[in-house]
Amino acid sequence: MYPIFEYFANAPALVIALWSGAGLLVVLLFLRKPRRLLLATTEAGRLQISRHALHRLLEACCQQLRGVVSARARVAKSRGKFKTFLRLKVRPDAKLDAIQGYLSQEIADIYRQNLGITNVGPIEIEVVGVIPEQKEF
């Protein structure tokens, strides 16, 4: 018998750990998020958008507002609905309730009109920082 087989025969905990790790890796590969979201399918072809492009589209929508300095977007699909999470850095004079109302409406319109997604879920906005305006000389 080969020495490596004798080593594994004498260490069953190691064999169990190796098989558990391999099983976990297989499960994670099957559960990972797709890189692209399917928007439409016709007989002429398919329309897809990458997650990265979707995030940048939403961030650009946020950054066009005067009170928003920077934005980070994350989209998750849960129970058939697209949940949107936005993390914003704003200026001190920003009107947060107006920003929240405008972004909720604008992002819902982007989903429905630009992307053709009708199952829009909640849009959660979190302010993570306040950036003062730069004083010019």
Side-chain angles (χ1 to χ4, degrees):
M1 188 182 253
Y2 294 109
I4 190 80
F5 292 131
E6 289 178 18
Y7 176 74
F8 283 128
N10 292 330
L14 181 63
V15 172
I16 292 172
L18 287 174
W19 278 108
S20 298
L24 181 64
L25 182 65
V26 168
V27 168
L28 289 177
L29 286 175
F30 281 112
L31 293 180
R32 70 184 176 115
K33 297 177 187 174
R35 292 182 187 209
R36 293 179 186 89
L37 298 172
L38 182 64
L39 298 178
T41 302
T42 63
E43 58 243 8
R46 299 185 321 176
L47 176 62
Q48 296 179 335
I49 187 169
S50 71
R51 287 187 179 275
H52 182 75
L54 179 60
H55 294 168
R56 297 303 163 255
L57 176 66
L58 298 177
E59 290 167 7
C61 174
C62 295
Q63 289 177 350
Q64 73 183 359
L65 291 174
R66 190 179 147 277
V68 176
V69 177
S70 68
R72 279 286 178 225
R74 186 172 54 92
V75 178
K77 190 172 181 182
S78 175
R79 296 182 183 155
K81 293 194 174 200
F82 287 89
K83 292 182 177 181
T84 305
F85 303 95
L86 299 171
R87 295 172 51 99
L88 305 177
K89 290 185 181 178
V90 297
R91 291 190 173 87
D93 60 342
K95 306 284 189 238
L96 296 180
D97 58 341
I99 289 173
Q100 188 269 337
Y102 175 79
L103 286 178
S104 295
Q105 181 64 39
E106 191 68 23
I107 288 173
D109 287 345
I110 287 173
Y111 279 135
R112 289 185 185 101
Q113 295 174 2
N114 295 13
L115 303 175
I117 297 172
T118 57
N119 50 353
V120 179
I123 299 170
E124 297 183 17
I125 299 172
E126 177 183 4
V127 176
V128 295
V130 178
I131 307 294
E133 291 190 37
Q134 296 290 333
K135 305 258 181 187
E136 296 188 25
F137 293 103

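In plain terms, the two heavy atoms of S104 and I125 that are nearest each other are OG-CD1, 4.4 Å. Listed here is the closest heavy atom pair of A94 and I99: CB-CD1, 3.7 Å.
Residue R87 places its CZ atom among 12 or fewer non-hydrogen atoms of other residues, nucleotides or ligands, all under 6.0 Å distant.
Checked against side-chain hydrogen bond (donor to acceptor under 3.5 Å, both in side chains), R56 has the following partners two or more places apart in sequence or in another chain: E59. Legend: residues meeting side-chain hydrogen bond (donor to acceptor under 3.5 Å, both in side chains) with Q105, ordered by chain and number and at least two apart, are D109. Among residues two or more places apart in sequence or in another chain, the side-chain hydrogen bond (donor to acceptor under 3.5 Å, both in side chains) test is passed with Q64 by Y102. Not counting sequence neighbours, the partners of R66 by the side-chain hydrogen bond (donor to acceptor under 3.5 Å, both in side chains) test are D93.
Here the CG atom belonging to L103 is positioned 5.5 Å from the SG atom belonging to C61, to the nearest 0.5 angstrom.
Clustering ILVMFWY residues whenever any of their side-chain heavy atoms sit less than 4.5 angstrom apart, transitively, puts V130 in the very cluster that holds L88. One hydrophobic cluster, built from ILVMFWY side chains closer than 4.5 Å, cannot hold both I131 and L86; they sit in different ones. Linking ILVMFWY side-chain heavy atoms closer than 4.5 Å, directly or via other members, places I107 and L96 in a single hydrophobic cluster.
In this structure, the side chain of H55 does not engage the main chain of R72 through any donor-acceptor pair within 3.5 Å. A donor-acceptor pair is defined here as one N or O able to donate and one able to accept, closer than 3.5 Å; no such pair exists between the side chain of R91 and the backbone of V69.
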Can you list, pair by pair, the side-chain donor-acceptor contacts under 3.5 Å of residues 110-123, counting residues two or more places apart and other chains?
residue, atom, partner, partner atom, Å
Y111, OH, T84, OG1, 2.6
N119, ND2, G80, O, 2.2

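Hydrophobic clustering, defined by side-chain heavy atoms of Ile, Leu, Val, Met, Phe, Trp and Tyr closer than 4.5 Å, leaves F85 isolated from every other such residue.
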